[in-house]
Amino acid sequence: MRIVRKMAVAGLVLGLGAVSIAAQASDDPIETRKAIMSSVGAAAGLGGGMMKAEIDYVPAAGKAAIATVRAASLTFGDYYPAGSDQGDTGAAAAIWEDPDGFAAELAKFQAATEKAAAASGKDGPADLDAFKGAMGPVLATCKSCHETYRKKN
Ligand code: HEC
């Protein structure tokens, strides 16, 4: 399942034209989780841009942003093996010190993306208001996880 999921994420990322696919195929968990988060960042950039009306809203783009965060929320937590707190990573030590707390943040992220994906439907949210309703709660989960589980830069 992991390989299939990774390919799905990579495909979506390709669609957004955002991230190097080489990193997705890497065996390095740090590179992989950073690439997944980078795709989340790209989806948030696209979604935020449409919410602020800097980018015209199109249902297919709304769907791409939501599908990207959905896939990322399902795979992101798989790349925190012991020892991967060391290296070129923005992951905070709290992830390994408080795995239950991190799992709870992941669960919030997954619950928000699940609702968004359900609201997205086959063709994406029909209009900008529907997209805001679906994507807004997903964007609200970034900060609460980063606050504790991502290093401050
Ligand atoms: C469950 C926790 C969690 C949630 C939710 C989360 N992030 Fe992250 N994010 C992290 C962690 C941990 C890192 C650091 C990963 C590393 O460097 O190993 C990170 C890193 C990033 C990065 C840097 C990626 C890179 O290239 O190094 C971006 C951009 C990002 N997050 C955006 C977002 C956005 C936007 C959202 C909300 C839509 C979000 N994140 C939600 C935990 C989370």
Side-chain angles (χ1 to χ4, degrees), residues 2 5-6 8-55 57 60-120 124-125 128 130-153:
R2 177 169 293 183
R5 283 180 180 169
K6 270 164 90 170
V9 172
L12 289 162
V13 168
L14 240 193
L16 286 170
V19 179
S20 151
I21 298 305
Q24 291 280 350
S26 166
D27 287 334
D28 178 346
I30 295 177
E31 280 309 309
T32 305
R33 72 198 187 212
K34 282 162 77 171
I36 293 171
M37 260 301 139
S38 187
S39 74
V40 171
L46 173 62
M50 292 191 295
M51 286 176 177
K52 285 184 261 173
E54 293 165 0
I55 305 168
Y57 181 74
K63 179 172 179 158
I66 288 170
T68 300
V69 291
R70 176 65 183 146
S73 75
L74 295 175
T75 54
F76 182 63
D78 292 347
Y79 298 97
Y80 290 85
S84 67
D85 55 330
Q86 302 297 319
D88 183 13
T89 174
I95 290 173
W96 292 269
E97 289 162 6
D98 178 17
D100 292 348
F102 184 57
E105 290 295 340
L106 266 176
K108 278 197 244 169
F109 185 35
Q110 287 170 353
T113 63
E114 185 177 8
K115 276 195 186 159
S120 177
L128 185 58
F131 177 71
K132 283 180 182 167
M135 190 69 169
V138 175
L139 297 176
T141 65
C142 319
K143 193 173 168 237
S144 75
C145 188
H146 286 176
E147 234 161 38
T148 310
Y149 300 104
R150 186 181 177 192
K151 286 180 194 161
K152 316 271 176 289
N153 26 349

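Whatever order the structure lists ligands and atoms in, that order sets their numbers, starting from 1. Only heavy atoms go into these numbers, but all of them, side chains included; no hydrogens, no water, no symmetry mates.
- Looking only at distances, no side-chain donor or acceptor of Thr148 sits under 3.5 Å from a matching main-chain atom of Cys145.
- Listed by atom number, the atoms of ligand 1 under 4.0 Å from Val40 heavy atoms are 33 (C), 34 (C), 35 (C), 36 (C), 37 (C), 38 (C), 39 (C).
- Under the 30°/60° scheme for interplanar angles, the aromatic rings of Phe102 and Tyr80 are found to stand perpendicular.
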### Task
Please lay out, stage by stage, how Asp85 and Ile95 fare under the test side-chain contact (heavy atoms from CB on, under 4.5 Å).
CA-CA 8 Å; Asp85 55 330; Ile95 290 173; over 6 Å; no

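- What sits closest to atom 26 (O) of ligand 1 on the protein, heavy atoms only, is Lys34 O, 3.6 Å.
- Listed by number with element, the atoms of ligand 1 under 4.0 angstrom from any heavy atom of Cys142 are 34 (C), 35 (C), 36 (C), 37 (C), 38 (C), 39 (C), 41 (C).
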### Task
Under the side-chain contact (heavy atoms from CB on, under 4.5 Å) rule, what do Asp100 and Asp98 come out as? Steps first, then yes or no, please.
CA-CA 6 Å; Asp100 292 348; Asp98 178 17; 4.2 Å; yes

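- A side chain to side chain contact (heavy atoms under 4.5 Å, CB included) with Arg33 holds for exactly one of Thr75, Thr89, Asp78; it is Thr89.
- In this structure, atom 8 (Fe) of ligand 1 lies nearest to the protein heavy atom His146 NE2, 2.0 Å.
- Going from atom CZ of Phe76 over to atom OG1 of Thr32 covers 11.0 Å, rounded to the nearest 0.5 Å.
- Taking every non-hydrogen atom of Arg33 and a distance limit under 4.0 Å, the qualifying atoms of ligand 1 come out as 16 (C), 18 (O).
- In this structure, the side chain of Lys115 does not engage the main chain of Pro137 through any donor-acceptor pair within 3.5 Å.
- Here the protein heavy atom with the shortest distance to atom 23 (C) of ligand 1 is Arg150 NH2, 3.4 Å.
- For ligand 1, the atoms closer than 4.0 angstrom to any heavy atom of Ala91 are 14 (C), 16 (C), 17 (O), 18 (O).
- Using a 4.0 angstrom heavy-atom cutoff, Tyr79 does not count as in contact with ligand 1.
- Atoms of ligand 1 found under 4.0 Å from any heavy atom of Tyr80 (numbered from 1 in listed order, with element): 12 (C).
- Judged purely by distance below 3.5 Å, without hydrogens or angles, the side chains of Arg70 and Ser120 never pair a donor atom with an acceptor atom.
- For Lys152 (side chain) and Glu147 (main-chain N/O), a donor-acceptor pair under 3.5 Å exists by modelled atom type.
- The nearest heavy-atom contact from the protein to atom 17 (O) of ligand 1 is Gly90 N, 2.6 Å.
- The single protein non-hydrogen atom nearest to atom 1 (C) of ligand 1 is Cys145 SG, 2.8 Å, given as residue, atom name and distance.
- Those atoms of ligand 1 that come under 4.0 Å of a heavy atom in Ile95, given as number and element, are 12 (C).
- Residue contacts with ligand 1 do not include Asp88, since none of its heavy atoms lies under 4.0 Å from the ligand.
- Nearest heavy-atom pair across Ala116 and Val138 is CB-CG2, 3.9 Å.
- Every atom of ligand 1 is numbered from 1 in the order shown, and the set under 4.0 Å from a heavy atom of Tyr149 is 12 (C).
- Remark: the Glu105 side chain and the Ser144 side chain contain an N/O donor-acceptor pair separated by less than 3.5 Å.
- For Val69, the heavy-atom gap to ligand 1 stays at 4.0 angstrom or more.
- Numbered from 1 in the order shown, with element, the atoms of ligand 1 that lie under 4.0 Å from a heavy atom of Thr89 read 16 (C), 17 (O), 18 (O).
- Closest to atom 6 (C) of ligand 1, if we only count protein heavy atoms, is Met37 CE, 3.3 Å.
- Protein heavy atom at the shortest distance from atom 11 (C) of ligand 1 is Phe76 CZ, 3.7 Å.
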